[in-house]
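Since the structure comes first, as structure tokens, the remarks are kept for the end.
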Amino acid sequence: MAAQQVRDGFVELYGTEPEGVWSAPGRVNLIGEHTDYNDGFVMPFALPHTAVAAVSRRTDGILRLHSSDVEGGVVELRLDDLAPESDRNWTAYPAGVVWALREAGHPVTGADVHLASTVPAGAGLSSSAALEVVVALALNDLYDLGLQRWQLARLCQRAENVYVGAPTGIMDQTASACCEAGHALFLDTRDLSQKQIPFDLAAEGMVLLVVDTRVKHSHSEGEYGKRRAGCERGAALLGVDALRDIPYGELDAALERLGDDEEAVRLVRHIVTEDERVEKTVALLESGETRAIGPVLVAGHASLRDDFRISCPELDLVVDTALASGALGARMTGGGFGGSAIVLAEAADAEPLTKAVQEAFAAAEFTAPRVFEAVPSAGARRLV
């Protein structure tokens, strides 16, 4: 249905049939937060919520962009005029992909694009990565570029880092491009090696709820960049290329070397322990001990709240309320300073847990949260 609606929208806008329709999902990160730009481990899975794009090629050096989710008409850009950080609108994400492809030497000569997305924006669910990946996959197919999924993810990351100006890691784009239905993706962000880990909660009588606090965040604002710079400083102080290189068993010794540099101690401790939590989660899932990952999620939230300091009252309220109401585990997910939390629970507890969180938000006079079940879904693909 989404493919047909977007196709019809393309015809109405541009007066011709698109050459194809593609989709790319948002993602939830099960565990492994802010480890991706430290060459560490992450474990996302794709959501059923997707960005859908109808696309056709052009040969005149023009890029035309339209989104049914944003007010306004078609935005027309000249490919030769695309330049990093020249665009502060939503169009920077698809335009940045075209820029990155051309910068890498790929012969993209223009496109007409019509988009629609069901990935909640600003919720920490990678709505921007979904926009990037769906456009990259479409152009890869249409221009027969022959790029692998991991290569598309790298180009999309470059688009976001350089063109948009947001210092994000590689996880979001890789998840959108490479995840498989019924699985979480164990990704080593240093060498981009991947392993699909079975994650079928329904078969085990469980659910994973996403609670969108509706507190908006933006990666291109300063706090995310400060954390990344702080991690790089910590690695430099410890004489390693990245914090990934500090073994968990040597963490205490590393922290002692940092002395009274409180900020460096906190950031290093979070990254090293978070990598350990990802590996522990993989081991538990592979051994069939899915419920045992609950306490690992809780420990991850405490680390993000106390050491990395990127939580907020709304996220903490979700976690505290869910745990008090019988959840198996809960934590914030995504870049922080708002966005979403995840709650692992028995399926029978999903409704009372949701009600408890909603009532807690009402009592605190917070904006009502959006709650939905996260089902591990397929990555980017061509629909038509």
Side-chain angles (χ1 to χ4, degrees), residues 27 29-44 84 100 103-104 126 129 148-175 177-178 185-195 219-220 222-283 299-300 303-304 306-310 334-336:
R27 65 96 189 97
N29 192 23
L30 182 62
I31 193 75
E33 220 63 80
H34 288 263
T35 48
D36 58 346
Y37 55 77
N38 288 285
D39 282 1
F41 306 121
V42 295
M43 200 173 184
E103 281 285 299
S126 298
Q148 300 297 310
R149 294 299 183 94
W150 68 269
Q151 293 174 303
L152 292 177
R154 274 285 191 218
L155 284 163
C156 289
Q157 182 199 16
R158 177 165 168 76
E160 188 146 351
N161 289 174
V162 180
Y163 194 89
V164 178
T168 55
I170 190 62
M171 174 181 65
D172 296 351
Q173 293 84 1
T174 304
C178 300
L185 178 69
F186 177 39
L187 173 67
D188 182 334
T189 64
R190 170 164 282 172
D191 61 13
L192 297 189
S193 59
Q194 303 177 15
K195 187 175 184 180
H219 279 164
S220 55
E223 292 298 325
Y224 185 100
K226 288 179 184 176
R227 299 305 187 280
R228 182 166 186 161
C231 289
E232 291 169 353
R233 187 174 71 88
L237 289 170
L238 293 169
V240 294
D241 291 336
L243 293 182
R244 145 75 173 278
D245 296 315
I246 304 297
Y248 179 70
E250 298 175 17
L251 175 59
D252 288 344
L255 297 182
E256 282 186 21
R257 288 165 55 198
L258 293 172
D260 59 0
D261 190 333
E262 183 198 352
E263 181 189 46
V265 166
R266 288 189 291 98
L267 297 181
V268 169
R269 183 166 54 212
H270 168 70
I271 297 301
V272 176
T273 59
E274 187 78 347
D275 275 333
E276 172 72 7
R277 282 186 285 271
V278 177
E279 293 187 289
K280 181 182 290 188
T281 299
V282 171
S303 183
L304 289 163
D306 301 335
D307 276 345
F308 228 62
R309 299 187 180 180
I310 59 170

task: Could you tell me whether a side-chain N or O of T35 sits under 3.5 Å from a main-chain N or O of G40, the two making a donor and an acceptor?
output: no
task: For D307, check side chain to side chain contact (heavy atoms under 4.5 Å, CB included) against everything at least two apart and list the hits.
output: R266, R269, H270, S303
Close side-chain approach of L237 and L258, heavy atoms under 4.5 Å: yes
- prompt: For I271, which of I246, L251, N38 qualifies under side-chain contact (heavy atoms from CB on, under 4.5 Å)?
  reply: N38
statement: A129 meets the side chain to side chain contact (heavy atoms under 4.5 Å, CB included) criterion, sequence neighbours left out, with S126, E132, D172, Q173
- request: Scan side-chain atoms only and decide if R277 and T273 contain a donor-acceptor pair under the 3.5 Å cut-off.
  value: yes
- prompt: Below 4.5 Å, heavy atoms only, C-beta onward: do I310 and Y224 meet side chain to side chain?
  reply: no
message: Any heavy-atom pair between the side chains of T189 and F41 that's under 4.5 Å?
response: no
message: Under a 3.5 Å distance rule, please check whether N161 uses its side chain to pair with a backbone N or O of T168 as donor and acceptor.
response: yes
Min side-chain heavy-atom separation C178-Q194 under 4.5 Å: yes
field: Non-hydrogen side-chain atoms of E274 and E33 separated by less than 4.5 Å
entry: yes
message: Please enumerate all residues that pass side chain to side chain contact (heavy atoms under 4.5 Å, CB included) together with K226, with sequence neighbours excluded.
response: E223
query: Does any non-hydrogen side-chain atom of C231 lie less than 4.5 Å from one of Y37?
result: yes
message: Taking R190's backbone N and O only, do any of them form a donor-acceptor pair with D39's side chain (distance below 3.5 Å, no angle check)?
response: no
- prompt: Who passes salt bridge (Lys or Arg N to Asp or Glu O under 4.0 Å) against E232, sequence neighbours left out?
  reply: R228
statement: Heavy-atom nearest pair, R309 first then R227, reads O-NH2, 2.9 Å
field: Inter-residue atom distance R27.CZ - M43.CE, 0.5 Å rounding
entry: 14.0 Å
statement: Contacts of D191 meeting side chain to side chain contact (heavy atoms under 4.5 Å, CB included) (sequence neighbours excluded), chain-then-number -> D188, S193
message: Pair Q157, R154 - check side-chain hydrogen bond (donor to acceptor under 3.5 Å, both in side chains), show working.
response: CA-CA 5 Å; Q157 182 199 16; R154 274 285 191 218; 3.2 Å; yes
- prompt: Would you say the side-chain atoms of D245 pair up with the backbone N or O of A242, donor to acceptor, closer than 3.5 Å?
  reply: yes
- request: Heavy atoms only: give me the nearest P44-A175 pair and the separation to one decimal.
  value: CG-CB, 3.6 Å
task: Scan for side chain to side chain donor-acceptor pair (under 3.5 Å) pairs involving residues 248-261, sequence neighbours excluded, and state none if there are none.
output: R233-D261
